[in-house]
Engineer: 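Shown below is the structure under consideration.
Side chains are part of it too, since the values below use all heavy atoms of this structure and drop only hydrogens, waters and symmetry mates.
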Amino acid sequence: MKIQLIRHATLWLEYGGLTFLIDPMLSEQGANPPIINSENDRRNPLVSLPGPAEQWLQPDVLLLTHLHADHWDTAAISMLSRDIPLLCQDGDQAQIAAQGFEHITEINHKHKISNITLTRTKGQHGTGEIGKRMGQVSGFIFQAENEPTLYLTGDTIWCDEVKQALDDNHPELTIINAGGARFLTGGPITMDEQDVVELCSYAPYTSVIAVHMDTINHCLVTRENLRERLEQEALLNRVTLLQDGEWY
């Protein structure tokens, strides 16, 4: 297994003999407006890609955890071949098909591709009314012979669904969408520093990679914020904070 953080939640994963492009957001820096109802008006993405987008346009598989624009943007839609096999959560196929993609598989529970088993997990993209408005989101468990079990949480806060995914699968590695994304009202809609600490405490058997920071204007927890908290909790040996373009 090899993982490259491209930017935000966009990952390049080499696993079980296949390459996956996950949640591609390929817009140029500042191409998109700020997320509304946020505490600042910085244009998104806040930073540029760590290299030319062309290097990530030919994966074996596209995997989308959900269809929010910071995970599946117009730049990615325009650049990627319509022929690439695309995996998504149940309910998203029609919208993706309308964008011209031809080989779409919705995953409701489990899906086998080559020698890899993907299991869809659930989450909560916030709480209360905001959580409802954010809609359904998914994470995925990757399992294959001679590979570690990998848990990609997707856009979720620390919640019972994440606990269940950890309990059921005991992943060796968990990728967390951190950043503490939030609006002017309500609580975080992705994991903040406390959520990351809670997950590490609950599942001491899993190593963690934290991504989804320093790229979108309403993600208020930076890598530096999270690093400081992890240092206070003596968790820096458990959690890797990848820089854009960096490999794990």
Engineer: If you look only at pairs with a residue in residues 112-136, which of them pass as a ring-ring contact (aromatic ring centres under 6.0 Å, His included), with sequence neighbours excluded?
Structural biologist: His66-His125, His68-His125
Engineer: Using the test side-chain contact (heavy atoms from CB on, under 4.5 Å), find all partners of Glu231 that sit at least two apart in sequence or belong to another chain.
Structural biologist: Leu236
Engineer: Looking only at atom types and distance, does a side-chain atom of Arg7 sit under 3.5 Å from a main-chain N or O of Met25, one as donor and one as acceptor?
Structural biologist: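 Yes, because the side chain of Arg7 sits within donor-acceptor range (under 3.5 Å) of the backbone of Met25.
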Engineer: Is a side-chain donor or acceptor of Arg43 paired with a backbone partner of Gly30 at a separation under 3.5 angstrom?
Structural biologist: yes
Engineer: Taking only residues two or more places apart in sequence or in another chain, which ones pass ring pair (Phe, Tyr, Trp, His ring centres under 6.0 Å) with His170?
Structural biologist: Tyr205
Engineer: Quick one: side-chain contact (heavy atoms from CB on, under 4.5 Å) partners of Ser201, sequence neighbours excluded?
Structural biologist: none
Engineer: Quick one: list whatever passes side-chain contact (heavy atoms from CB on, under 4.5 Å) with Thr65, sequence neighbours left out.
Structural biologist: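 So Thr65 forms a side-chain contact (heavy atoms from CB on, under 4.5 Å) with Asp23, His71, Phe140, Leu152.
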Engineer: Going by the rule side chain to side chain donor-acceptor pair (under 3.5 Å), which residues pair with Thr119 if we only count those two or more places apart in sequence or in a different chain?
Structural biologist: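 Partners of Thr119 by the side chain to side chain donor-acceptor pair (under 3.5 Å) criterion, ordered by chain and then number, come out as Lys110.
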Engineer: Please identify each residue that fulfils ring pair (Phe, Tyr, Trp, His ring centres under 6.0 Å) with Phe20, with sequence neighbours left out.
Structural biologist: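 Scan of Phe20 (ring pair (Phe, Tyr, Trp, His ring centres under 6.0 Å), adjacent residues dropped) gives Phe142.
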Engineer: Determine yes or no for a side-chain-to-main-chain donor-acceptor pair under 3.5 angstrom, with Asn217 supplying the side chain and Asp41 the backbone.
Structural biologist: no
Engineer: Between the main-chain N or O of Pro34 and the side-chain N or O of Arg42, is there a donor-acceptor pair closer than 3.5 Å?
Structural biologist: no
Engineer: Arg229: what forms a side chain to side chain donor-acceptor pair (under 3.5 Å) with it, not counting sequence neighbours?
Structural biologist: Gln194, Glu233
Engineer: Of the options Thr190, Thr153, Asp155, which is the one that meets Asn177 in a side chain to side chain donor-acceptor pair (under 3.5 Å)?
Structural biologist: Asp155
Engineer: Holding to side-chain contact (heavy atoms from CB on, under 4.5 Å), I want the full list of residues that pass it with Thr19, two or more places apart in sequence or in another chain.
Structural biologist: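 Partners of Thr19 under the side-chain contact (heavy atoms from CB on, under 4.5 Å) test: Trp12, Glu14, Pro59, Asp60.
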Engineer: Are the side chain of Gln164 and the backbone of Glu161 linked by a donor-acceptor contact shorter than 3.5 Å?
Structural biologist: no
Engineer: Can you spot which of Asn169, Leu150, Ile116 makes a side-chain contact (heavy atoms from CB on, under 4.5 Å) with Gln143?
Structural biologist: Asn169
Engineer: Applying side-chain contact (heavy atoms from CB on, under 4.5 Å) to Leu46 and Asp214, what does each step give before you reach the verdict?
Structural biologist: CA-CA 7 Å; Leu46 304 178; Asp214 298 314; over 6 Å; no
Engineer: Who passes side chain to side chain donor-acceptor pair (under 3.5 Å) against Thr174, sequence neighbours left out?
Structural biologist: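 Partners of Thr174 by the side chain to side chain donor-acceptor pair (under 3.5 Å) criterion, ordered by chain and then number, come out as Thr206.
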Engineer: Does either side chain, that of Asn32 or that of Asn44, offer a donor lying less than 3.5 Å from an acceptor on the other one?
Structural biologist: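 No - no donor-acceptor pair under 3.5 Å links their side chains.
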Engineer: Check salt bridge (charged side-chain N to carboxylate O under 4.0 Å, His left out) between Asp244 and all other residues, then give those that pass, not counting sequence neighbours.
Structural biologist: Arg223
Engineer: Kindly say whether Gly139 contributes a backbone atom to a donor-acceptor pair with the side chain of Thr121 at under 3.5 angstrom?
Structural biologist: yes
Engineer: Apply ring pair (Phe, Tyr, Trp, His ring centres under 6.0 Å) to Tyr202 and list each qualifying residue two or more places apart in sequence or on a separate chain.
Structural biologist: Trp158
Engineer: Tell me whether Gln58 contacts the main-chain N or O of Leu80 through its side chain, where contact means a donor paired with an acceptor under 3.5 Å.
Structural biologist: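 Between the backbone of Leu80 and the side chain of Gln58 there is no qualifying donor-acceptor contact (under 3.5 Å).
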Engineer: Main chain of Thr156, side chain of Gln124: is a donor-acceptor contact present, judged purely on distance under 3.5 Å?
Structural biologist: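 Not at all, since once roles are kept as given, no pair shorter than 3.5 Å links the two residues.
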